[in-house]
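The structure appears below as structure tokens.
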2 protein chains.
Amino acid sequence: MENGAGHPEGLLLDAPSVGAPAGRRPRADAARNRAQILAAARRLFAEKDPRAVTMGDIARAAGVGRATLYRRFPDTASVAVALLDEHERELQGAMMTGPPPLGPGAPPDERLAAFYAAMVDLLDRHLPLLLGAETGERRYTTGAYAFWRAHLRVLLREAGAHDPEALVEPLLAPLAPESFAHQRDRAGLPPARIAAALAWSARRLLGGQVR
Amino acid sequence: MENGAGHPEGLLLDAPSVGAPAGRRPRADAARNRAQILAAARRLFAEKDPRAVTMGDIARAAGVGRATLYRRFPDTASVAVALLDEHERELQGAMMTGPPPLGPGAPPDERLAAFYAAMVDLLDRHLPLLLGAETGERRYTTGAYAFWRAHLRVLLREAGAHDPEALVEPLLAPLAPESFAHQRDRAGLPPARIAAALAWSARRLLGGQVR
DNA sequence: GGATATGTGGACACCATGTCCACTTGGATG
DNA sequence: CATCCAAGTGGACATGGTGTCCACATATCC
């Protein structure tokens with residue numbers, strides 16, 4: 001951990017996945033149901049508009065009652081968050097302790113570009129889940145988002161940007177699932193081109209010299 | 001109109017406001033009701049969470065039946081769009097024919113900064129309406145959005161950016177109402193600071209020289 | 001094997017949506 | 001001024017999702 005300036009450590013999601021009470025070992029049937037719920041939800045989110053999936057849909061597809069579902073997840077977004085958890089944790093690990101340029105050691109503009117590339121990849125592979133998870137302002141209150149924000153703040157400061165605090169949001173905004181969905185699916189831009197454009201702007205914004 | 005390369009003219013909203021049939025002069029009571037609906041809606045959007053305003057709310061506050069409301073507006077977002085119409089048209093005019101740097105004549109980085117400033121101002125003054133109007137993917141299908149996009153595309157091309165088509169979205173994303181709402185209301189950043197950060201990035205991205 | 005906390009699923013009340021239809025009213029026409 | 005009809009109106013309705021409650025079942029502990 002070579003970043004003395006306070007790397008965002010405690011912000012990594014360390015809670016044992018949403019919907020899985022930490023108290024003691026869960027009952028066998030409860031665990032089985034939880035697995036069924038997640039499997040069914042993953043299927044549903046993929047096959048129809050993720051924002052149109054209802055609690056009833058998930059319960060029916062999982063073969064459980066609605067109240068059973070409500071016991072663990074307050075809404076469909078929470079289910080999607082639980083499904084994303086693993087993937088986001090992985091990325092967070094790579095950002096904190098993985099090899100450069102995603103991990104520490106590379107100049108900030110290259111790290112930003114690598115972060116963009118990794119996020120585009122995440123978006124490309126799990127877009128339905130991300131759309132299901134980040135409806136409206138929920139995006140800003142999730143644990144993962146706080147982590148991305150802290151990461152960018154560090155990079156911005158390192159690069160001597162004008163006002164790191166105010167620049168974090170604008171740099172993160174292009175990664176909003178809705179925005180990515182629009183670019184890839186409606187405008188037809190291939191993810192690689194999106195990532196390239198973001199890399200270009202990362203270098204312009206944080207690079208020491210132009211060109 | 002000194003921009004030979006095809007300035008986005010036809011994209012200006014020229015339809016006579018949403019919900020106002022163009023056919024012939026509307027009946028007196030219909031016009032009165034329409035005015036009441038818009039006035040009531042403006043009030044409602046301002047005083048509670050704009051995304052929680054329902055068609056029933058608007059109808060009740062306007063003193064008309066729900067079906068009367070549905071006759072003109074298919075949903076609450078359309079009402080918000082009608083209320084925004086005038087303001088957005090104004091801004092579009094200033095961008096196309098107004099004085100620089102917002103209007104034509106200034107270098108692209110300055111025009112982008114001015115555009116950001118104008119949009120932040122619009123967001124600051126009409127955030128509730130914008131939040132009510134741009135729920136989910138609707139943001140991308142509105143006429144105004146197509147206009148902003150076309151404008152940026154011109155600026156990006158003029159500045160010789162790497163891939164204008166793919167850069168448009170990332171540059172527009174920070175202006176998403178949800179993003180602005182988060183910065184101003186949850187993070188507590190004053191609009192001026194948001195605008196300054198955007199201006200800084202505009203110059204870094206499209207400016208000829210750093211600093 | 002019995003006690004108990006935990007998990008389960010159907011039922012219920014509530015609210016918003018979008019449509020339908022019988023009634024009313026503005027305003028053009030003779 | 002009386003008449004007519006198309007446009008406008010508002011209440012009622014069916015539908016579907018949400019979140020909660022409660023009687024019952026079933027794992028786990030003793």
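These figures come from a predicted structure and were not determined experimentally. Lettering of chains follows the sequences in order, A, B, ..., and the numbering in each one begins at 1.
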Next item on the list: Would you tell me whether B:Arg138 and B:Ser78 have side-chain atoms, one donor and one acceptor, within less than 3.5 Å of each other?
Entry: yes

Next item on the list: Report yes if a side-chain nitrogen or oxygen of A:Thr68 is closer than 4.0 Å to either non-bridging phosphate oxygen (OP1 or OP2) of C:dG7; otherwise report no.
Entry: no

Checklist line | Side chain of B:Arg72 (C-beta onward), nearest among D:dG19, D:dT9, C:dG18 | finding: D:dT9

Note to self: From CG of A:Asp57 over to P of D:dG17, roughly how many Å is that when rounded to an integer?
What the structure shows: 7 Å

Check: What's the CG-P distance between A:Asp75 and D:dT18, to the nearest Å?
Finding: 9 Å

Note to self: Without decimals, in angstroms, what is the distance between B:Lys48 NZ and C:dA16 P?
What the structure shows: 8 Å

Note to self: Can you measure A:Ile58 atom CD1 to D:dT18 atom C1' for me and round it to whole angstrom units?
What the structure shows: 13 Å

Checklist line | Interatomic distance where CE belongs to A:Met55 and C1' belongs to D:dG19 [whole Å] | finding: 9 Å

Notebook entry, point to check: With nearest nucleotides of DNA chain C determined for B:Arg32 and A:Val64 from heavy-atom distances, which residue corresponds to the more 5′ nucleotide?
Noted result: A:Val64

Item checked: B:Tyr70 OH - D:dC13 C1' separation (whole Å) -> 14 Å

Check: Is there a donor and acceptor pair closer than 3.5 Å between the side chain of A:Arg66 and the base of C:dG10?
Finding: no

Item checked: Euclidean distance, atom CD1 of residue B:Ile37 to atom C1' of D:dG10 [Å, nearest integer] -> 12 Å

Note to self: Donor-acceptor check, side chain of B:Arg157 to backbone of B:Asp163, threshold 3.5 angstrom: yes or no?
What the structure shows: no

Item checked: Partners passing side-chain contact (heavy atoms from CB on, under 4.5 Å) against A:Glu134 (at least two apart in sequence or in another chain) -> A:Leu130, A:Arg139, A:Pro177

Margin query: Quick test of your reading of the model: are A:Arg204 and A:Asp109 salt-bridged, counting only N-O distances below 4.0 Å?
Written below: no

Note to self: By the 4.0 Å heavy-atom rule, please label B:Asn33 as base, sugar-phosphate, or nothing.
What the structure shows: sugar-phosphate

Checklist line | Annotated protein contacts, base or backbone, on nucleotides 21-26 of chain D with a non-hydrogen cut-off under 4.0 Å, one of B, S, - each | finding: B----B

Next item on the list: Calculate, to the nearest 0.5 Å, the distance between atoms CZ and CG belonging to A:Arg43 and A:Leu38 respectively.
Entry: 12.0 Å

Checklist line | Nearest-Å distance for atom pair CZ/C1', residues A:Phe73 and C:dT8 | finding: 16 Å

Check: Counting only side-chain N and O atoms of B:Arg71, is one of them less than 4.0 Å from OP1 or OP2 of D:dG8?
Finding: yes

Checklist line | Earlier contact from the 5' end, DNA chain D, for B:Gly65 and A:Arg60 | finding: B:Gly65

Note to self: Tell me if a side-chain donor or acceptor on A:Arg153 pairs with a main-chain N or O of A:Glu165 at a distance below 3.5 Å.
What the structure shows: no

Next item on the list: For the residue pair A:Tyr145 and B:His182, categorise the inter-ring angle as parallel (less than 30°), tilted (30 to 60°) or perpendicular (more than 60°).
Entry: perpendicular

